[in-house]
Amino acid sequence: MHELSLMEAVRDQALVAARAEGASRITAISLRIGSLAGVEPEALRYAHTVVMAGTIASGAELRIEVVIASFFCESCQQGFDSEQGDCLCFRCGSFSCRLLQGRELELTSLELS
């Protein structure tokens with residue numbers, strides 16, 4: 001389960017940022033996860049509970065924003081979204097390899113006290 005190692009990296013980043021701000025507690029962690037990032041949000045939630053235990057982020061709320069994959073069709077010269085990562089343009093049927101978004105895994109914000 002690579003979500004555990006991903007959440008460990010999030011924890012490390014969050015703790016460094018909290019320390020830099022002089023915070024004594026992390027109350028919420030917000031992430032952006034692309035639909036093609038290969039990350040299961042529910043497995044990440046479980047890993048969050050395990051990894052944050054015993055830290056200043058224990059019990060922190062985990063907020064996950066899922067980013068739907070978006071491609072650019074060279075034939076139509078327009079973008080299109082695809083929840084399942086289908087690279088075929090729904091307008092013209094052309095195959096598009098130009099991914100605009102959908103592989104993100106970003107720590108976007110922390111709420112500190």
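Remember, predicted model here, so these are calculated numbers, not experimental data.
- The stretch residues 98-113 participates, sequence neighbours left out, in these side-chain hydrogen bond (donor to acceptor under 3.5 Å, both in side chains) pairs: Ser30-Ser109, Arg32-Glu106, Arg63-Glu111, Glu74-Arg98.
- Transitive grouping of hydrophobic side chains (ILVMFWY, heavy atoms separated by less than 4.5 Å) brings Met52 and Leu15 into a common cluster.
- For Asp81, the side-chain hydrogen bond (donor to acceptor under 3.5 Å, both in side chains) criterion is met by Ser70, not counting sequence neighbours.
- Residues Glu3 and Val39 are in side-chain contact: their nearest non-hydrogen atoms beyond the backbone lie under 4.5 Å apart.
- The structure places CG of Leu112 at 7.0 Å from OG1 of Thr27, a figure rounded to the nearest 0.5 Å.
- Counting only heavy atoms from C-beta outward, the side chains of Leu6 and Leu105 approach each other to under 4.5 Å.
- Contacts of Glu21 classified as salt bridge (Lys or Arg N to Asp or Glu O under 4.0 Å), with partners at least two apart in sequence or in another chain: none.
- Across every non-hydrogen atom of Leu36 and Gly85, the tightest pair is CD2-CA, 3.7 Å.
- Summarising the geometry of Arg11 relative to Thr55, their closest heavy-atom pair is CD-CG2, 4.2 Å, with the distance given to 0.1 Å.
- Cluster annotation: Val66 and Met7 are assigned to the same hydrophobic cluster (Ile/Leu/Val/Met/Phe/Trp/Tyr, side-chain heavy-atom contacts under 4.5 Å, transitive).
- Closest heavy-atom contact between Ser35 and Ala69: OG-N, 3.0 Å.
- Sequence neighbours left out, the pairs with a member in residues 66-113 that pass ring-ring contact (aromatic ring centres under 6.0 Å, His included) are Phe71-Phe80.
- Nearest approach of Cys76 to Cys73, heavy atoms of both residues: N-SG, 3.4 Å.
- For the atom pair CZ (Arg25) and OG (Ser58), the distance works out to 6.5 Å, reported to the nearest 0.5 Å.
- For the salt bridge (charged side-chain N to carboxylate O under 4.0 Å, His left out) condition, no pair includes a residue of residues 47-56, sequence neighbours left out.
- The hydrophobic clustering, which links ILVMFWY residues whose side-chain heavy atoms are closer than 4.5 Å, places Leu62 and Val10 together.
- Atom CG of Leu99 sits about 7.5 Å away from atom SG of Cys87, to the nearest 0.5 Å.
- Among residues two or more places apart in sequence or in another chain, the side-chain hydrogen bond (donor to acceptor under 3.5 Å, both in side chains) test is passed with Gln78 by Arg91.
- In this structure, Ile64 is a member of the same hydrophobic cluster as Val51, with clusters built from ILVMFWY side-chain heavy atoms closer than 4.5 Å.
- Within a 6.0 Å sphere centred on CD of Glu40, other residues, nucleotides and ligands contribute 12 heavy atoms or fewer.
- Closest heavy-atom contact between Ala57 and Ile29: CB-CD1, 4.4 Å.
- A donor-acceptor pair is defined here as one N or O able to donate and one able to accept, closer than 3.5 Å; no such pair exists between the side chain of His48 and the backbone of Leu4.
- Heavy-atom minimum distance, Ile56 versus Ala18: CD1-CB, 3.8 Å.
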